[in-house]
A.B. asks: 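Have a look at this one.
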2 protein chains.
Amino acid sequence: MNNKEKAFTSEQEQMARFAKALGHPVRIAILDLLASQTCCYHGDMSEVIPVAKSTLSQHLSELKEAGLIQGTLTLPSIKYCINRENWSRARTMFAGLFRDIEGNSYVCR
Amino acid sequence: MNNKEKAFTSEQEQMARFAKALGHPVRIAILDLLASQTCCYHGDMSEVIPVAKSTLSQHLSELKEAGLIQGTLTLPSIKYCINRENWSRARTMFAGLFRDIEGNSYVCR
DNA sequence: ATTAATATTCGTAATTTTGCGAACAATAGA
DNA sequence: TCTATTGTTCGCAAAATTACGAATATTAAT
């Protein structure tokens, strides 16, 4: 309990950031929409996702902040898309953890 | 903005729950340890992870709550392990989202 | 029965998240 | 220029998260 000098790796920090962004049903729903459609407009989403527009906006900006999506102004609306580069990073990181976990053959008893 | 009657699917809720549990550096660090070792004792973890023991305990119980790990009393300590069944569920769910996202060939512009 | 070792729970405080409606931009079209 | 459409930001409140040390429980060993 003494060598607390080293905090977390940036890998761990980044992974937690991605996971946290995915940690809310509204945000999962947003991503499901973006996965099933070519793109999504705020308006379309607010038809489907049961929260106030301002709340939706907040969740969208959290996903943007985490780098998982991006928005393009397409007047009179805004078009949201997956940020493929960061999404790929996230997939790689999650896959790594899952691989390490499941590759560990120890069985708990 | 009218058909707000249907909330989220249980799939979405569950996925968010898993992701939320992964959404903190301490908890990622715990899982990294569990992935690299056959098992882990609270004491061992508190040597490595820079938080108070009580805080560590809290994070452990959140991972337990989410079903991602389990603890077995192995006196005089407690041995923590991955919950393989739920971990496998999580992997499947994440893989599904990643597949859907990356399988979508639309490129944002 | 005491003591030592281990981990959780309690009490508390600070911070962050979540959610809503109202107010505020920004732009296209009449 | 006025109006309608679309999203974001603001202001606020409620709830959840994070963190710590102190107190508590549990069991092994003496």
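Just so we're clear, the structure is a prediction, and the values are computed from it rather than from any experiment. Just so it is clear: chains get the letters A, B, ... in the order the sequence lines come, proteins before strands, and each one is counted from 1. Computed over heavy atoms, backbone and side chain alike; hydrogens, waters and symmetry mates excluded.
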A.B. asks: Would you tabulate the pairs of protein nitrogen or oxygen atoms and nucleotide nitrogen or oxygen atoms of nucleotides 14-18 of chain C closer than 3.5 angstrom?
C.D. replies:
from   : atom 1 : to      : atom 2 : distance (Å)
C/dT17 : OP1    : A/Lys20 : NZ     : 2.5
C/dT18 : OP2    : A/Arg27 : NH1    : 3.1
C/dT18 : OP2    : A/Glu62 : OE2    : 3.0

A.B. asks: Whether the side chain of B/Ser61 engages the backbone of B/Lys64 through a donor-acceptor N/O pair (distance < 3.5 Å, no angle test) should be reported.
C.D. replies: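 Not a single qualifying donor-acceptor pair exists.
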A.B. asks: Using a 3.5 Å distance criterion without hydrogens, assess whether the side chain of A/Ser46 forms a donor-acceptor pair with backbone atoms of A/Gly43.
C.D. replies: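 Yes, because the side chain of A/Ser46 sits within donor-acceptor range (under 3.5 Å) of the backbone of A/Gly43.
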A.B. asks: Over how many whole Å does the gap from A/Glu65 atom CD to D/dT9 atom P extend?
C.D. replies: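 Whole-Å distance recorded here is 11 Å.
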A.B. asks: As an exercise, state the distance from CZ of B/Arg91 to CD1 of A/Ile101, rounded to the nearest 0.5 Å.
C.D. replies: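 The CZ atom of B/Arg91 sits 12.0 Å away from the CD1 atom of A/Ile101.
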A.B. asks: So does B/Leu34 get a backbone contact from the side chain of A/Asn104, meaning a donor-acceptor N/O pair under 3.5 Å?
C.D. replies: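 Yes, the answer is positive, given that a donor and an acceptor are paired below the 3.5 Å cut-off.
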A.B. asks: Checking the side chain of B/Asp100 only, and the main-chain atoms of A/Ala35 only, is there a donor and an acceptor separated by less than 3.5 Å?
C.D. replies: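 A pair under 3.5 Å: no.
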A.B. asks: So do the side chains of A/Tyr80 and A/Met45 get within less than 4.5 Å of each other, counting heavy atoms only?
C.D. replies: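 They are in side-chain contact.
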A.B. asks: Are A/Trp87 and A/Leu68 packed together at the side-chain level, in the sense that at least one heavy-atom pair is separated by less than 4.5 angstrom?
C.D. replies: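 Heavy-atom side-chain distance check passes, below 4.5 Å.
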A.B. asks: Is a side-chain N or O of B/Asn83 found less than 3.5 angstrom from the main chain of B/Gln70, in a donor-acceptor match?
C.D. replies: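 The answer is no, because no donor-acceptor pair under 3.5 Å joins these two groups.
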A.B. asks: Quick one: A/Glu13 CD to D/dT18 C1', roughly how many Å, whole number?
C.D. replies: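 Taking atom C1' of D/dT18 as the reference, CD of A/Glu13 is at 14 Å.
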A.B. asks: Specify the separation, in whole Å, of atom CZ of A/Arg17 and atom P of D/dT17.
C.D. replies: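 It works out to 20 Å between those atoms.
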A.B. asks: Can you tell me how far P of C/dG19 sits from CD1 of A/Ile49, to the nearest Å?
C.D. replies: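 Spelled out: CD1 on A/Ile49 to P on C/dG19 is 12 Å.
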A.B. asks: Enumerate all atom pairs, one protein N or O and one N or O from nucleotides 4-8 of chain C, separated by less than 3.5 Å.
C.D. replies:
from  : atom 1 : to      : atom 2 : distance (Å)
C/dT6 : O3'    : B/Ser77 : OG     : 3.2
C/dA7 : OP1    : B/His42 : N      : 3.4
C/dA7 : OP1    : B/Gly43 : N      : 3.2
C/dA7 : OP1    : B/Ser77 : OG     : 2.1
C/dA7 : OP2    : B/Gly43 : N      : 3.0
C/dT8 : OP1    : B/Tyr80 : OH     : 2.2
C/dT8 : OP2    : B/His42 : ND1    : 2.6
C/dT8 : OP2    : B/Ser57 : OG     : 2.5
C/dT8 : O5'    : B/Ser57 : OG     : 3.1

